[in-house]
Structures are given as structure tokens and as C-alpha cells.
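Read through the structure below, which is laid out as C-alpha cells, and then see the notes.
Atoms within each ligand, like the ligands themselves, are counted from 1 in listed order. From a predicted model like this one, the values you see are computed outputs, not experimental measurements.
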Amino acid sequence: MNTELSRRTFLKQAGLAGAAFGFPAFVRAAAPNGKVQVAAVGVDGMGFSDLRSIVTHPKMQYVAFCDIDSTHFGKADAAVPGVPHFADFRVMLDKLGSSIDAVNIAIPDHMHAMVAVEAMKRGKHVYVQKPLAHTVWEIRQMRKWAEKKNLVTQMGNQIHSALVYRLATRLIQDGAIGKVREVHSWVGVSGNEYSRLLEPPASGRAPASMNWDHWIGCAPMREYAPDVYHPFAWRDWQDFGSGALGDFGCHILDPVFTSLRLNAPLTVSADNTGINRHIWPSAETIHYVFPGNSLTAGSTLKVTWTDGGLRPTRQLAQLPSDLDLPRSGSLFIGELGNMVLPHYSAPRLYPQEKFKSFVYPKDVVGLNHWHSWIDAILQGGKTSDGFHYAGPLAETVQLGNVATRVPRIPKSRRGKKPEDDLETRTAAILEWDAENCRVKNNPVANGLLTKKYRRGWEVTPA
Ligand SMILES: NC(=O)c1ccc[n+]([C@@H]2O[C@H](COP(=O)([O-])OP(=O)(O)OC[C@H]3O[C@@H](n4cnc5c(N)ncnc54)[C@H](O)[C@@H]3O)[C@@H](O)[C@H]2O)c1
């Protein structure tokens with residue numbers, strides 16, 4: 001038999017033409033119904049939201065639900081009855097083996113990389129919640145694993161596919177405000193929003209329904225305490241979450257990245273209200289400088305991130321006196337005008353008078369972020385928010401957190417008295433070597449690109 005002919009006939013019959021062009025098409029021996037078999041890791045919170053969206057794709061089926069808290073299966077079971085439960089993702093991956101094609105990961109940030117890498121090592125396509133992972137090094141390993149195994153990936157910053165962010169991208173790329181001079185992005189929450197603590201509180205007994213050891217996973221062990229870690233409040237703590245920047249940066253900076261075709265910053269520095277080794281600051285400013293391109297006014301582009309109530313002024317945006325900037329969003333300052341993009345709703349152009357007859361394009365459409373992932377798996381395509389794009393965005397976000405944790409330099413080095421407060425210290429400007437994934441000029445920052453792993457919970461480098 002002519003093997004090449006029979007392979008082509010098979011692909012054609014299976015409707016998998018993409019494979020013939022070298023894409024990672026969906027060819028799996030154990031797919032009798034032609035559906036992508038998905039496992040979900042983390043089924044409450046955002047995991048449940050992902051599940052509700054993924055399950056509406058007609059060519060997928062759930063084959064496993066995994067969660068370290070048994071009380072969290074109820075909603076998922078009601079939505080999709082009869083799916084087997086697992087308490088440990090490693091047991092799930094080993095036991096189900098090739099009957100899992102793809103894994104959706106929606107657990108606290110500190111464990112994203114470990115679960116994603118274990119899945120990708122075994123050839124599973126992954127949809128991983130923002131901010132992709134907890135450290136820059138982890139994100140880089142995830143990019144490399146995805147490439148090495150030729151997998152379809154997607155970051156869970158679903159607004160990337162929404163009409164309003166796609167419209168904003170179109171306006172910038174069509175030159176509605178001319179070349180862009182600078183961008184300000186901000187979120188109205190703070191980095192220690194949920195616990196409002198400075199130190200880990202007195203411990204309590206973990207509920208019998210959950211496995212605290214597995215929730216801690218790769219992080220340094222600490223005692224369980226009610227209400228401040230599991231669920232949701234883990235965000236505030238450096239060991240588990242990524243602060244306000246990590247929580248919202250991959251959403252709010254995403255249209256900045258897409259529209260201006262950004263990849264990696266040249267430098268990053270941070271100012272904040274004060275930080276200790278446990279929690280993220282309650283307010284901060286991150287200064288990024290990116291290389292310029294044909295869409296920017298200068299040879300470099302400043303992008304400024306603020307959170308915890310800090311945001312640009314109405315005057316900078318040239319808003320009328322009866323309008324204020326949204327609580328969260330971005331302000332693009334262009335040579336011909338400004339664009340305000342609230343998080344998340346339709347972009348608006350200012351000054352109002354100048355753009356009063358502006359005709360917004362009508363042909364921009366929103367896409368289904370979750371379905372795009374499943375479709376790409378089925379058709380052997382590529383997602384727009386795969387790790388080739390989402391990796392550099394997420395690395396930039398976590399690089400901001402590195403800058404936040406780098407000790408400030410005493411201004412005494414510039415001839416003033418050293419005193420340990422923010423007024424007398426200045427932010428270190430980190431020079432980023434994206435290709436080699438290292439900070440060129442600051443060994444402390446290089447140390448903060450990664451973290452120490454609890455024994456037995458290491459992330460395998462690619
Ligand atoms: N894209 C968005 O709009 C959006 C919104 C909220 C959260 N998120 C992201 O989703 C992820 C989860 O956030 P959340 O707010 O839902 O958190 P959460 O703590 O409310 O929920 C996490 C879920 O994962 C389970 N879990 C925890 N550790 C686990 C492990 N090791 N194995 C299996 N299950 C585990 C928990 O029991 C819980 O069901 C985070 O990365 C967060 O940044 C994204």
C-alpha cells in the first residue's frame with residue numbers, strides 16, 4: 001500500500017487538511033467520536049467559568065475533573081454530569097494517559113507552570129489562565145515546552161478575543177490617533193486587596209474537604225488559615241499570587257501589546273507604597289520602555305502601569321470636564337488624539353470635538369476565545385493568544401513584579417544621605433535581555449526571575 005497516499009486519504013476523510021501543511025492536527029488513535037477530550041484542573045472560580053464556555057463547543061467532551069477541594073465539584077457535576085473526579089493532577093494524567101487530549105488549568109498562579117508542564121510533557125494541548133505562570137522563568141519554560149511538543153496553547157485572558165479589545169486594536173493599527181507617543185494602563189484594585197494583612201495570620205485547621213499539602217504544591221509550606229488563602233484571596237501573597245499587576249496586567253496590557261505589536265521591554269522599573277517579603281504593595285507604578293516601531297511616534301515607547309487607585313489625570317486624556325477616566329483601562333496618547341479603552345468596554349477617541357464625526361469600523365467581530373482553542377486543536381491551526389504571543393506579554397507582566405521586589409537604591413550613591421525610606425531611595429532600572437531571559441545589570445533581579453520549589457514539586461525545564 002502507498003503509505004503517503006493512505007495517510008493523505010485518511011486526513012482528507014477526517015477533514016484534517018491542516019495537518020497536510022505541517023500543523024499539529026488532531027490525529028489521536030483514541031478519538032472514536034472525533035471530539036477533543038478535555039480534562040479540567042480547578043473547577044470552581046474561573047475554572048467553572050472556563051468550563052461553562054468550553055463545554056458549549058460541539059466537538060469536545062470532558063473526561064476528567066480535578067480539584068484539591070471535594071466541595072468544589074458540585075457545580076461542575078451539575079453542568080456536565082458523570083465526569084470522573086481526581087484530587088491529584090499527576091494521578092489523573094498518569095491514569096487517563098492518552099484519553100486526555102487537552103487540559104484547562106485554572107488554579108492559583110503558583111501552580112500553573114507545574115501542571116501545564118506536566119501536561120505538555122505528555123503531549124497535551126493546554127489552556128492556561130492568566131498570568132500564565134508565577135515567574136518569568138516558568139513562563140519561558142512553558143513557551144519552550146509548547147514549541148518543543150508542537151502544541152496548541154491559549155492564555156485565559158478571554159477579553160483578547162472580545163469585540164471591544166479587537167476594535168481598539170483596529171483603531172490603533174488604522175492610525176485613528178496617529179502614531180502612539182505613550183500609553184498609560186491602570187487597574188482600580190490594590191495588590192493586597194483581599195486579606196489586608198502584612199504577615200501570615202494565626203493558623204487554623206484546613207477543612208477536611210481539601211488537601212492543603214496539594215494546594216501548597218510547589219510553594220514553601222505554611223499553615224492553613226481561613227479566608228486569606230483558599231479560595232481566591234491567595235492573590236495578595238507573593239508565594240501564591242501575582243498582585244494587582246499579575247491579576248489584571250495580562251488583560252489590560254493585552255490590547256496594548258496586540259495593537260502596538262509589542263514583544264519585550266528594554267527596561268523596567270517600579271515605585272510603590274512599600275513592600276515586605278509576604279504581600280504585594282497596596283499601590284504601585286511600573287515604568288516600561290519598549291523598542292519603538294512603525295506604530296509609535298518615537299524610537300522607544302513608554303508604557304506606564306499603575307494600580308491601587310493611581311491613574312492618569314482626566315486632563316492628560318483631554319476628556320471633557322464632565323467625564324472622568326474609567327476605574328481600570330488604558331489611555332493611548334497619539335500624535336493626532338487620544339484613545340481611552342476602559343476595562344472592558346468600547347474604546348473612545350478624544351478630544352470629543354475632534355472625533356465627533358469619526359466613523360468607527362463596522363466589520364470588526366468578537367471571537368469565542370475558548371472555542372478558538374478547541375478549533376485550533378481540531379483543525380491543526382494556531383491560536384492568536386498562544387504562548388508565542390501570550391508568553392512575552394506574561395513575562396513582561398511578571399518582570400514588573402520583579403522590579404517591584406528589587407530593593408530600591410539609596411540616593412546616597414548620588415551624594416545624598418542613606419535613609420531607609422522611599423523618599424531617599426530610587427528605583428533600580430532593570431535592563432532586560434529578552435533573548436537570554438536575563439536582567440543585564442542587576443543580580444538581585446536575576447534571582448527573582450525564578451523561585452525555590454518544594455521538594456518533589458519542581459517544574460521540569462524544557
Ligand atoms: N480570566 C479571567 O477573567 C480570570 C478571572 C478570575 C481568575 N482568573 C485566574 O484563574 C485562576 C484561578 O483563580 P480563581 O479566582 O478561580 O481561584 P480560586 O481559588 O477561587 O479557585 C481555584 C480552584 O482551583 C482549585 N485548586 C487549587 N489548587 C489546585 C490544585 N493544585 N489542583 C487542582 N485544583 C486546585 C481550588 O479548589 C478551586 O476550585 C488564577 O490563575 C486566576 O488568575 C482568571
Side-chain angles (χ1 to χ4, degrees), residues 39-54 64-77 85-93 103-116 118-119 126-134 138-139 142 154-162 165 187 189 193-195 206-207 209-219 224 227-237 239-252 254 280 328 343-344 369-370 373 385 390 393-394 397-398 401 454 456-457 459:
V41 181
V43 294
D44 201 26
M46 193 61 200
F48 182 61
S49 183
D50 281 345
L51 187 151
R52 273 192 311 189
S53 297
I54 291 171
F65 289 157
C66 174
D67 204 294
I68 51 79
D69 188 334
S70 60
T71 60
H72 285 182
F73 288 113
K75 282 191 288 180
D77 286 346
H85 293 177
F86 291 86
D88 183 333
F89 68 92
R90 292 168 295 197
V91 173
M92 176 191 84
L93 289 170
V103 184
N104 173 53
I105 299 160
I107 58 180
D109 300 354
H110 69 289
M111 281 295 286
H112 285 195
M114 192 185 178
V115 180
E118 288 306 310
V126 290
Y127 182 109
V128 185
Q129 267 307 324
K130 55 77 190 166
L132 222 51
H134 200 209
E138 287 182 340
I139 296 164
M142 286 165 64
Q154 183 90 303
M155 176 156 73
N157 54 332
Q158 64 283 354
I159 307 157
H160 174 88
S161 297
Y165 275 13
V187 69
V189 303
E193 180 96 5
Y194 307 104
S195 64
S209 64
M210 81 173 296
N211 185 329
W212 178 243
D213 186 70
H214 284 205
W215 188 93
I216 285 283
C218 61
Y224 171 87
D227 305 326
V228 295
Y229 306 126
H230 168 73
F232 196 86
W234 49 264
R235 285 165 165 72
D236 290 1
W237 303 91
D239 278 353
F240 313 122
S242 313
L245 172 62
D247 212 5
F248 288 92
C250 287
H251 285 307
I252 295 172
D254 167 55
W280 294 104
S328 307
H343 176 66
Y344 74 97
H369 201 63
W370 301 267
W373 176 58
D385 201 11
L393 166 59
V397 164
Q398 290 297 14
N401 276 337
R454 194 155 69 106
W457 295 85
V459 170

- Message: Can you confirm whether D227 is buried at CG, in the sense that more than 12 heavy atoms of other residues, nucleotides or ligands lie under 6.0 Å from that atom?
- Response: no
- Task: Assess whether atom OH of Y344 is packed by more than 12 heavy atoms of other residues, nucleotides or ligands within 6.0 Å.
- Result: no
Minimum distance, heavy atoms only, to [atom]: which one of [options] is it?
atom: atom 3 (O) of ligand 1; options: K75, Q158, M111; answer: Q158
atom: atom 6 (C) of ligand 1; options: R235, H112, H251; answer: R235
atom: atom 43 (O) of ligand 1; options: M92, R90, Q129, K130; answer: K130
atom: atom 40 (C) of ligand 1; options: I107, I216, I159, D44; answer: I107
atom: atom 13 (O) of ligand 1; options: F232, W457, W234; answer: W234

Report yes or no: does [X] have a heavy atom closer than 4.0 Å to ligand 1?
X: M210; result: no
X: F48; result: no
X: A106; result: yes
X: F89; result: no

Nitrogen or oxygen atoms of [X] and ligand 1 under 3.5 Å apart:
X: G45; answer: no
X: P231; answer: no
X: P108; answer: no
X: N157; answer: no
X: M46; answer: yes

- Is it true that a side-chain atom of H214 and a backbone atom of D88 form a donor plus acceptor pair closer than 3.5 Å? no
- Item | Q154 side chain vs H369 backbone, donor-acceptor pair below 3.5 Å | yes
What's the shortest distance from [atom] to any protein heavy atom, and which residue and atom give it?
atom: atom 24 (O) of ligand 1; value: G42 CA, 3.5 Å
atom: atom 36 (C) of ligand 1; value: D67 OD1, 3.4 Å
atom: atom 29 (C) of ligand 1; value: I68 CG1, 3.5 Å
atom: atom 38 (C) of ligand 1; value: H72 ND1, 3.3 Å

- Query: Side chains of Y194 and R235: closer than 4.5 Å at any heavy-atom pair?
  - Reply: yes
- Message: Using the rule given for side-chain hydrogen bond (donor to acceptor under 3.5 Å, both in side chains), can you reason through Y229 versus W237, listing the C-alpha separation, both sets of side-chain angles and the distance that settles it, and then say yes or no?
- Response: CA-CA 8 Å; Y229 306 126; W237 303 91; 5.3 Å; no
- Task: Pull out every atom of ligand 1 sitting under 4.0 Å from any heavy atom of W215, numbered as shown with elements.
- Result: 27 (C), 28 (N)
- Heavy atoms of K75 and F48 approach each other most closely as O-CE1, 3.5 Å
